[in-house]
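Taking it in order: structure first as structure tokens, then the write-up.
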Amino acid sequence: MEVTLKIRTIDNQKREVTVTSDEGTSSSYYTNTNAIFPLYKELIYFCRDHQGAELDIYSNSSSFVAELKSFETSGKRLAVMLKDTLSDCACSIKSVKQSS
């Protein structure tokens, strides 16, 4: 399943994350946070809603793409939460790529 996570900053304090898949598009807003946390959070929510999915992930955030490419060996808290969610939901990440 292909999923695209895009982030954009609004007014230097608010971030909009748009998640697009075969099932449609949804947007969420976050305030007072870095640019990585909302992307992880939305991906974790997506996995919980799509148990057993094999994901091809695209993102406009080069930092997020880099983190996802090495998340399995990372000890960062968000990476650990993602690993646990993937395991609990029987999801897997097939590929991670940069999008525009």
*Hphob cluster co-occupancy, Tyr40 + Tyr58, side-chain heavy atoms under 4.5 angstrom*: no

*Decide whether Leu78 and Val80 are clustered together by the hydrophobic rule: side chain heavy atoms of Ile, Leu, Val, Met, Phe, Trp, Tyr closer than 4.5 Å, transitively.*
no

Does any part of the side chain of [Y], heavy atoms only, come nearer than 4.5 Å to the side chain of [X], both counted from C-beta?
X     : Y     : result
Leu82 : Leu68 : yes
Tyr29 : Ile10 : yes
Ser21 : Thr25 : no
Cys47 : Leu55 : yes

*To the nearest 0.5 Å, what is the distance between OH (Tyr30) and CG (Asn32)?*
14.0 Å

_Quick check for you: to the nearest 0.5 Å, what is the distance between Gln51 atom CD and Leu86 atom CG?_
11.0 Å

*Considering residues at least two apart in sequence or located in another chain, which fulfil the side-chain contact (heavy atoms from CB on, under 4.5 Å) criterion with Thr31?*
Lys14

Write down the atom of [X], the atom of [Y], and the distance for their closest heavy-atom approach.
X     : Y     : answer
Leu5  : Leu43 : CD2-N, 3.9 Å
Thr33 : Arg15 : O-NE, 2.9 Å
Asn34 : Pro38 : O-CD, 3.2 Å
Ser27 : Glu16 : OG-OE2, 3.6 Å
Ser61 : Ile36 : OG-CD1, 4.4 Å

Just distance, no hydrogens or angles: give the donor-acceptor pairs under 3.5 Å from side chains in residues 89-99, sequence neighbours left out.
{"unit_1": "Ser95", "atom_1": "OG", "unit_2": "Asp56", "atom_2": "OD1", "d": "2.8"}
{"unit_1": "Gln98", "atom_1": "NE2", "unit_2": "Asn60", "atom_2": "O", "d": "3.2"}
{"unit_1": "Ser99", "atom_1": "OG", "unit_2": "Ser59", "atom_2": "O", "d": "3.3"}
{"unit_1": "Ser99", "atom_1": "OG", "unit_2": "Asn60", "atom_2": "N", "d": "3.3"}

*Ser87 (side chain) donor-acceptor with Lys83 (main chain) under 3.5 angstrom*: no

*What pairs with Phe46 under ring pair (Phe, Tyr, Trp, His ring centres under 6.0 Å), at least two apart in sequence or on another chain?*
His50

